[in-house]
Structures are given as C-alpha cells and as structure tokens.
Engineer: 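After the structure tokens below, expect a handful of questions from me.
Please read all numbers here as calculations on a predicted model, not as lab measurements.
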Amino acid sequence: MIEIQPISKAVDATIQVPGSKSYTNRALLVAAMANGVSTLTGALFSDDTRYMSASLRKLGVKIDADEKRATFAVHGNGGEIPVSGAALYIGNSGTTSRSLTAYVSLGHGRFVIDGDEPMRHGRPIADLLDALRQIGVSARTQFENGHLPVIIEADGLTGGKTRLDVSKSSQFLTALLLIAPYAKTGIEIEVLGNREMPYIDITRSIMAAFGVQIISKDYKFFRIEGGQQYQPQVYNIEPDASNASYFFAAAAITGGRVTVEHLNLDSAQGDLEFVYLLEQMGCQTTVSNTGITVTGPRQLKGIDVDMRKISDTSLTLAAIAPFADGKVSIRNIEHTRWQETDRIHAMVTELKKLGVPVVEHRDGLEISPAPIKPAAIDTYEDHRVAMAFSLVGLKASGIRINNPECVSKTFPDYFHVLEQLYI
C-alpha cells in the first residue's frame with residue numbers, strides 16, 4: 001500500500017514517460033519475423049514486454065536486451081519458427097496472448113499459451129480462434145470456455161478469407177494483421193463489430209515502417225498479400241500516450257502546467273486525443289518540438305463524452321471527474337468490461353468509496369462532483385486503476401493505493417515519476 005500526499009500548489013513539471021507498450025510489443029513481434037537484426041530504441045521494459053520477449057526467445061528468436069539504454073536487438077527468423085512446440089506463459093498481457101496465438105500458427109508443432117487468472121477467466125480470445133480456424137488453423141481453448149489456456153496445433157499457415165468480430169478487442173485484428181504477410185496466399189479479413197479502432201492505426205504504422213503494405217477499406221475489410229517480408233530496421237518507440245494522460249490530468253486538477261516530452265499530436269496513438277477532452281474541460285494545450293504541454297484552469301468543467309476510441313484514458317477522466325463543476329458522463333466503453341478487470345464496475349466501486357455520486361450504465365458511467373472522503377483504493381491487479389486513482393490523492397488527503405506494484409505491467413517507475421510533480 002502507498003499513500004498519496006496532496007499537492008498544495010499548482011504543479012509545474014516536465015516529465016518523461018517510458019515507451020509505448022503497444023508499440024514495443026508489436027515491434028518485438030514484427031522484428032522477430034523480419035529476416036535480419038532490428039534495433040528497437042526507446043523501448044518499454046515492463047511486465048508485458050518481458051512476457052513478450054521471453055516468449056519469443058522460447059520460440060527460437062534471439063533477443064539482446066539493454067534495459068538501461070531502453071533497447072532491444074532482435075535477430076529475426078524471416079517468419080520461421082524453428083522450435084517444434086512450446087509452452088508459453090504470458091502473465092496478464094492481452095497483447096502478448098492474442099499476438100502470440102496468431103504467430104505460432106506459422107510454426108509446426110503444438111503450442112500452448114497460458115497466463116494469470118484474469119486471462120483465464122476475464123479476457124476473451126474465442127473470436128480470434130474462430131477467425132484462425134476459418135483459415136485452416138487448429139486452434140482451441142483447453143477448457144472450452146473462450147479463455148486461456150489456448151492450444152494451437154500448427155502446420156504452417158496457408159491463409160485465405162476470414163471474418164473477425166472485434167467487438168470485444170481490436171487486438172484480435174492486430175494479431176491477424178501482423179502475421180498475414182507470412183501466410184502463403186495472404187489473408188483477407190472481413191471485420192464485424194465496432195470499427196473505431198485507433199490501435200489498428202498503430203499496427204498499420206509499424207507494419208509499414210518494416211516494409212509491409214495493407215489494402216483496406218474503412219476498417220471493414222483488410223487484405224494483406226502473401227509473400228511479403230518485414231525488413232530489418234532501426235526503429236524508435238514513441239512514449240506511451242496512455243501513461244502520459246495521468247500527468248496531463250495532474251495539471252488539469254491542480255491548475256498547473258505539465259509538459260510530457262517527445263510526444264506529438266500527429267502520432268498514431270489515439271489516446272493523445274485525451275488532451276482535447278481536457279481542452280473541453282477548460283485546459284489549454286501547447287505543442288512544440290519538445291513535447292506536449294497541458295495547462296489547467298481554475299475550475300474544470302463537466303463533460304459528456306464518447307470514449308470508445310480512447311477507452312484506456314476513461315479511468316483517468318473518471319478519477320478527475322469529482323473535481324469538475326458539473327456532471328461528467330463517460331459513454332460507449334462497454335468493451336472495457338473484458339479488459340484487465342471489469343473497468344466500468346471498478347471505477348464505480350472505487351468512486352463510491354470516495355463518497356462520489358456515480359451511476360453505472362452498461363456502457364459507461366455518470367459522475368457528479370463531490371468532496372472526497374479518505375479511502376483505500378483497490379486496484380484489481382489493473383495498472384490503470386492504480387495510476388488513475390493516484391491522481392485523486394494529489395487533491396485530497398487520505399488516499400491509499402492497494403497493491404501499487406501492479407503498475408509494473410506498463411510503467412514500473414510510475415510512482416517515482418509522480419514524485420517529480422512535488423518538486
């Protein structure tokens with residue numbers, strides 16, 4: 001447990017956040033499929049990326065890691081998987097589990113992918129397995145429940161046409177796109193379900209940087225020709241926009257100023273749109289060659305917003321909502337009920353502990369302003385719950401975060417970096 005100390009002044013800080021988990025894990029897998037050595041700079045070293053790199057090593061990929069320099073050197077195998085089977089453990093990493101499930105279909109042998117309890121009961125994978133079966137992959141869950149463990153009996157990937165429901169996660173589509181160049185005949189994907197998928201823009205940008213082309217139509221249809229090869233690259237990982245949101249929010253609630261370095265609004269990271277929500281609440285945003293700066297107002301305004309495209313930051317908004325001058329409504333995030341935890345229910349439960357009036361809906365919540373009561377926040381082994389609700393402690397006394405170590409999933413030094421706001 002850690003207790004967050006309130007800040008009595010407007011913050012004024014320049015912050016560096018580590019590399020994006022989404023970019024790092026995708027780039028690790030793409031580099032593993034390239035034919036030669038790729039160097040990933042600015043990379044994230046966290047639980048999720050360690051599970052990905054460790055799994056790739058078990059699959060025969062040589063990876064040299066230099067955590068101090070935030071660098072991976074990945075010796076790609078040209079789309080080949082040289083081992084004849086493996087048991088892979090991916091912790092609580094959704095990106096790793098979905099991407100590796102598709103990747104091992106390129107191999108020859110029996111591959112088992114398992115993870116922590118939340119992955120075994122809360123995070124679905126059945127829609128991805130169904131799409132893989134449509135193109136000839138023997139893919140099933142061990143307990144027929146739509147969750148890990150997954151068993152893939154692989155014999156190479158021919159490819160073909162498939163339909164994929166992305167209602168519960170766009171990571172299913174990312175997994176198929178990343179491996180598609182190495183299917184003998186390529187892959188055509190008809191997308192079902194919600195089609196606002198900013199994380200697919202990240203996937204496409206990485207694939208393009210490594211030399212693979214995608215044909216697409218309005219996120220409804222994708223075709224990737226077979227026979228393409230990822231080309232080895234020196235590739236720089238952007239800072240994580242989702243993790244930057246906590247520091248922008250700190251500026252918002254204290255009426256202060258925070259700059260997060262090396263970010264640009266031209267990025268494919270959809271979560272940078274969080275700064276536009278803060279602008280609607282009264283903040284000012286400045287973009288320069290060195291980063292993005294958010295300056296908070298004297299009083300935040302209430303807001304009604306659809307956060308489907310930037311749902312990872314919905315927890316950030318929920319945490320600062322009690323300090324607005326009116327109701328904050330967050331809509332269209334039902335899919336977050338199947339993430340690290342049921343995030344909507346977690347937000348509602350913890351806000352009520354704080355004495356905040358909140359109404360839970362199937363796809364979101366409504367939060368009214370209120371004085372904050374001291375409370376110990378449960379984090380549900382969810383890094384974003386821990387980081388978001390730590391913001392409340394910047395404004396109110398007696399806020400304690402249970403199991404703060406869960407931030408190691410994507411931002412191991414989060415609480416150390418947060419201390420920079422006090423200087």
Engineer: For Phe72, check ring-ring contact (aromatic ring centres under 6.0 Å, His included) against everything at least two apart and list the hits.
Structural biologist: Phe45

Engineer: Output yes when a side-chain donor or acceptor of Glu67 lies under 3.5 Å from a complementary backbone atom of Ala65, and no otherwise.
Structural biologist: no

Engineer: Give a yes-or-no answer on whether the side chains of Asp116 and Tyr51 include a donor-acceptor pair shorter than 3.5 Å.
Structural biologist: no

Engineer: Applying salt bridge (charged side-chain N to carboxylate O under 4.0 Å, His left out) as the test, list every pair that has at least one member in residues 238-267; sequence neighbours left out.
Structural biologist: Asp12-Arg257

Engineer: Does Thr203 form a side chain to side chain contact (heavy atoms under 4.5 Å, CB included) with Ile214? I'd like the steps, not just the answer.
Structural biologist: CA-CA 11 Å; Thr203 302; Ile214 298 175; 5.9 Å; no

Engineer: Mark yes or no for whether Gln269, through its side chain, and Pro239, through its backbone, hold a donor-acceptor pair below 3.5 Å.
Structural biologist: yes

Engineer: Is it the case that over 12 heavy atoms from other parts of the model lie below 6.0 angstrom from the CD atom of Glu381?
Structural biologist: no

Engineer: Can you tell me if Ser311 uses its side chain to pair, donor with acceptor, with the backbone of Thr336 under 3.5 Å?
Structural biologist: no

Engineer: I need the Leu176 CG to Ile189 CD1 distance, nearest 0.5 Å.
Structural biologist: 4.5 Å

Engineer: Side-chain contact, heavy-atom cut-off 4.5 Å: Ile135 with Thr158?
Structural biologist: no

Engineer: Between Leu300 and Cys283, is there a side-chain heavy-atom distance shorter than 4.5 Å?
Structural biologist: yes

Engineer: Checking Asp271 against Tyr199: is there a side-chain donor and acceptor pair closer than 3.5 Å?
Structural biologist: yes

Engineer: Is a salt bridge present between Asp382 and Arg343, judged by a nitrogen-to-oxygen distance below 4.0 Å?
Structural biologist: yes

Engineer: Are Ile399 and Leu354 side-chain neighbours, meaning at least one heavy-atom pair lies under 4.5 Å?
Structural biologist: yes

Engineer: So how far is it from Thr39 OG1 to Asp66 CG, rounded to the nearest 0.5 Å?
Structural biologist: 11.0 Å

Engineer: State whether the side chain of Ser408 and the backbone N or O of Glu405 hold a donor-acceptor pair below 3.5 Å, judged by distance alone.
Structural biologist: yes

Engineer: Looking at Lys352 and Glu360, is there a salt bridge between them, counting it only when a charged N and a carboxylate O are closer than 4.0 Å?
Structural biologist: no

Engineer: For Thr96, does its backbone N or O pair with a side-chain atom of Arg98 as donor and acceptor, under 3.5 Å?
Structural biologist: no

Engineer: Give me the atom names and distance for the closest heavy-atom approach of Ala376 to Asn402.
Structural biologist: CB-ND2, 3.9 Å

Engineer: With sequence neighbours left out, what residues match Tyr182 under ring-ring contact (aromatic ring centres under 6.0 Å, His included)?
Structural biologist: Tyr230

Engineer: I need the minimum non-hydrogen distance between Thr313 and Ile310, along with the two atoms involved.
Structural biologist: OG1-O, 2.7 Å

Engineer: Nearest 0.5 Å, please: how far is CE in Met52 from CG in Asn25?
Structural biologist: 4.0 Å

Engineer: Is Asp342 paired with Arg337 through a side-chain N to carboxylate O contact shorter than 4.0 Å?
Structural biologist: yes

Engineer: Taking Arg69's backbone N and O only, do any of them form a donor-acceptor pair with Thr71's side chain (distance below 3.5 Å, no angle check)?
Structural biologist: yes

Engineer: Which pair of non-hydrogen atoms, one from Ala102 and one from Ile179, has the smallest distance, and what is that distance?
Structural biologist: O-CD1, 3.4 Å

Engineer: Without swapping roles, check the side chain of Thr162 against the backbone of Ala131 for a donor-acceptor pair under 3.5 Å.
Structural biologist: yes

Engineer: Give me the one residue out of Thr49, Asp48, Asp47 that meets side chain to side chain donor-acceptor pair (under 3.5 Å) with Lys409.
Structural biologist: Asp48

Engineer: Do Thr101 and Leu129 come close enough that some side-chain heavy atom pair is under 4.5 Å?
Structural biologist: yes

Engineer: Say whether, by atom type as modelled, one donor and one acceptor occur between the side chain of Lys184 and the main chain of Gly226 under 3.5 angstrom.
Structural biologist: no

Engineer: If I take atom CG from residue Leu59 and atom CG from residue Leu106, how far apart are they, to the nearest 0.5 angstrom?
Structural biologist: 10.5 Å

Engineer: Any chance you could lay out the side chain to side chain contact (heavy atoms under 4.5 Å, CB included) test for Glu350 and Asp378, step after step, and finish with the verdict?
Structural biologist: CA-CA 7 Å; Glu350 300 313 306; Asp378 289 319; 3.9 Å; yes

Engineer: Any heavy-atom pair between the side chains of His335 and Lys168 that's under 4.5 Å?
Structural biologist: no

Engineer: What's the shortest heavy-atom distance between Ala10 and Gly255, and which atoms?
Structural biologist: CB-O, 3.6 Å

Engineer: Carefully, step by step, assess Ile15 and Val258 under the rule side chain to side chain contact (heavy atoms under 4.5 Å, CB included).
Structural biologist: CA-CA 7 Å; Ile15 299 293; Val258 172; 4.0 Å; yes

Engineer: According to ring-ring contact (aromatic ring centres under 6.0 Å, His included), does anything in residues 389-423 pair up with another residue at least two apart or in another chain? List the pairs.
Structural biologist: Tyr246-Tyr414, Phe247-Tyr414, Phe411-Tyr414

Engineer: From Ser169 OG over to Leu164 CG, what is the distance, rounded to the nearest 0.5 angstrom?
Structural biologist: 9.5 Å

Engineer: Can you find a heavy atom in the side chain of Leu265 that is under 4.5 Å from one in the side chain of Val275?
Structural biologist: yes

Engineer: Just wondering, are more than 12 heavy atoms of other shown residues or ligands nearer than 6.0 Å to CD in Glu279?
Structural biologist: yes

Engineer: Please check this pair: side chain of Ser267 against backbone of Asn264, looking for a donor-acceptor N/O pair closer than 3.5 Å.
Structural biologist: no

Engineer: Do other residues, nucleotides or ligands put more than 12 heavy atoms under 6.0 Å from the CD atom of Gln134?
Structural biologist: yes

Engineer: Hey, mind stepping through Thr290 and Thr14 against side chain to side chain contact (heavy atoms under 4.5 Å, CB included) and telling me if it holds?
Structural biologist: CA-CA 10 Å; Thr290 58; Thr14 298; over 6 Å; no

Engineer: Could you grab the distance from atom CG of Leu100 to atom OG of Ser105, nearest 0.5 Å is fine?
Structural biologist: 11.0 Å

Engineer: Can you name the closest pair of heavy atoms from Arg384 and Ser242 and give their distance?
Structural biologist: NH2-CB, 3.5 Å

Engineer: So, for Ser390 and Ile4, which heavy atoms are closest and what is the spacing to 0.1 Å?
Structural biologist: O-CG2, 3.6 Å

Engineer: Quick one: are Leu178 and Arg26 in side-chain contact, heavy atoms under 4.5 Å?
Structural biologist: yes

Engineer: Could you pull out every donor-acceptor pair under 3.5 Å between side chains of residues 119-126 and any protein atom, sequence neighbours left out?
Structural biologist:
| residue | atom | partner | partner atom | Å |
| --- | --- | --- | --- | --- |
| Arg120 | NE | Asp114 | OD1 | 2.9 |
| Arg120 | NE | Asp114 | OD2 | 3.4 |
| Arg120 | NH2 | Asp114 | OD2 | 2.7 |
| His121 | NE2 | Glu117 | OE1 | 2.8 |

Engineer: Does CZ belonging to Arg163 count more than 12 external heavy atoms closer than 6.0 Å?
Structural biologist: no

Engineer: Please check: side-chain N/O of Asp363 versus main-chain N/O of Glu334, any donor-acceptor pairing under 3.5 Å?
Structural biologist: no

Engineer: Taking ring-ring contact (aromatic ring centres under 6.0 Å, His included) as the cut-off, I'd like each qualifying pair that reaches into residues 89-108, sequence neighbours left out, listed once.
Structural biologist: none

Engineer: Should Tyr235 and Val74 count as side-chain neighbours, where that means a heavy-atom distance under 4.5 Å?
Structural biologist: no

